[in-house]
K.L.:
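Before anything else, here's the structure in question.
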There are 2 protein chains.
Amino acid sequence: MSDELPPWEKAREEFVAQWGSLGTQWGINRTMAMIHALLMTAPEPMCTDEVMEKLQISRGNAHTNLKDLVGWNLVRIITKKGDRKEYFEAEKDVWKIFITISKERKRREIEPAIRLLRDCAAQTKDETIGPGRDFHQQMKDLDEFLSFGVKVGDTVISMKHASALQWAMRLLS
Amino acid sequence: MSDELPPWEKAREEFVAQWGSLGTQWGINRTMAMIHALLMTAPEPMCTDEVMEKLQISRGNAHTNLKDLVGWNLVRIITKKGDRKEYFEAEKDVWKIFITISKERKRREIEPAIRLLRDCAAQTKDETIGPGRDFHQQMKDLDEFLSFGVKVGDTVISMKHASALQWAMRLLS
DNA sequence: TCACGTTTTCACTAGAAACTGAAAATACCG
DNA sequence: CGGTATTTTCAGTTTCTAGTGAAAACGTGA
């Protein structure tokens, strides 16, 4: 029924399936992770129907997850002239993927946490003794740590891959 | 019915609740995140019943999540002499929390990914042209990036807080 | 404007994950 | 031992998330 797969496609299918499982552990949904894996290893941009076909998923599912990936800036939409379908292409450069994910996670996960910590610290700034003071201090410690992490992160993601590499090498030596 | 809460407990309750929501975005379950928040801000170790009471959750739920937190090395069990209940105490030092979480995530999330990438690369090591070669290269790139990241991470988490801070400051300046 | 190819939405369903409460197991004490 | 305090397990239930498929909306070219 189906043609024989080239050998590398075999490995690719394993990669896609397993990356999907790994994704769930990261709190990313399986389909999104699989689509991302599929596109990262696609020789050419793919359209919705191709993705549906390869992963055996519904149009709605394919559509939503493709658009979510676009929202994460991990995938971009390509249009071909004389064809009104949308094609999707993933960023393949590892360093760029890393930067993109870091930025998004900072925005979605770290910054809200920092806001919460500052809010809680502010509410208890007058506590000067006992458990109230300890709580205040704990909020400040967490805030300081995360904020500092963000600063370091910002510096790293503003670097070119080569500079970051060089800097990291220095740490290791 | 209930006594007035000290003002700092008000902030604490907000912290616990919100940390729970944030946790879900991280892919951590709400209850676990809330218990962790509760214990991180607890003046004294707490027993299961206190946790149940504070968070209004069942014994089973409290129990499983407390034990999971112990499994993550974020919480330890304390026993008091003359009392056969178990009490739970969270690590409060931010740097130690960071190291603990980093180690666990490396083990649970990064290392399996690296194994997958190596496997897929190995399967395609003979591909020398076209899409097969590109796939192989992509696997190697991802592997190399993650492995390098692990190396850097290992170096950082082996540092004392002060040294890490000093090192990071140098980066920022 | 209509017809057609395509994208988007959404009510519904399936499946997974979290939670409950109570029974069973365990540990300790006299 | 027997009694009691505590922990652990787990079948059943609820809640949430992901996924489906078809209808609606959109957009373009004739």
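Quick note: numbers below take in every heavy atom, side chains included, and nothing from hydrogens, waters or symmetry partners.
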K.L.:
Does the side chain of Thr79(B) come within less than 4.5 Å of Asp83(B)'s, by heavy atoms?
P.N.:
no

K.L.:
Between Gln56(B) (CD) and dG21(C) (P), how many Å, whole number?
P.N.:
11 Å

K.L.:
Mind jotting down which residue pairs meet the ring pair (Phe, Tyr, Trp, His ring centres under 6.0 Å) criterion with at least one end in residues 84-113 of chain B? Sequence neighbours excluded, please.
P.N.:
Phe145(A)-Phe98(B), Trp95(B)-Phe98(B), Trp95(B)-His161(B)

K.L.:
Is there any ring pair (Phe, Tyr, Trp, His ring centres under 6.0 Å) pair reaching into residues 24-79 of chain B, and which pairs are they, with sequence neighbours excluded?
P.N.:
none

K.L.:
Donor-acceptor pairs under 3.5 angstrom involving side-chain atoms of residues 38-48 of chain A: please list them, not counting sequence neighbours.
P.N.:
residue, atom, partner, partner atom, Å
Thr41(A), OG1, Arg12(A), NE, 2.9
Thr41(A), OG1, Ala37(A), O, 2.9
Thr41(A), OG1, Leu38(A), O, 3.1

K.L.:
dA18(D) P sits how many Å from Leu66(A) CG, rounded?
P.N.:
16 Å

K.L.:
Reading nucleotides 6-19 of chain C 5' to 3', which nucleotides get B (base under 4.0 Å from a protein heavy atom), which S (sugar-phosphate only), which -?
P.N.:
SBBB--------SS

K.L.:
Please report the distance, rounded to the nearest Å, between CE in Met52(A) and P in dA22(D).
P.N.:
11 Å

K.L.:
Between Gln56(A) and Glu53(A) (side chain of the first, backbone of the second, donor and acceptor by atom type, cut-off under 3.5 Å), is there such a pair?
P.N.:
yes

K.L.:
Find every protein N or O atom lying less than 3.5 Å from an N or O atom of nucleotides 11-16 of chain D, and list the pairs.
P.N.:
none

K.L.:
I'd like to check Lys106(A) versus Asp154(A) (side-chain heavy atoms, cut-off strictly below 4.5 Å). Are they in contact?
P.N.:
yes

K.L.:
Would you mind reporting whether Leu22(B) and Glu109(A) have side-chain heavy atoms less than 4.5 Å apart?
P.N.:
no

K.L.:
Please output the side-chain donor-acceptor pairs of residues 164-173 of chain A that fall under 3.5 Å, not counting sequence neighbours, one pair per line with the distance.
P.N.:
residue, atom, partner, partner atom, Å
Ser173(A), OG, Arg170(A), O, 3.0

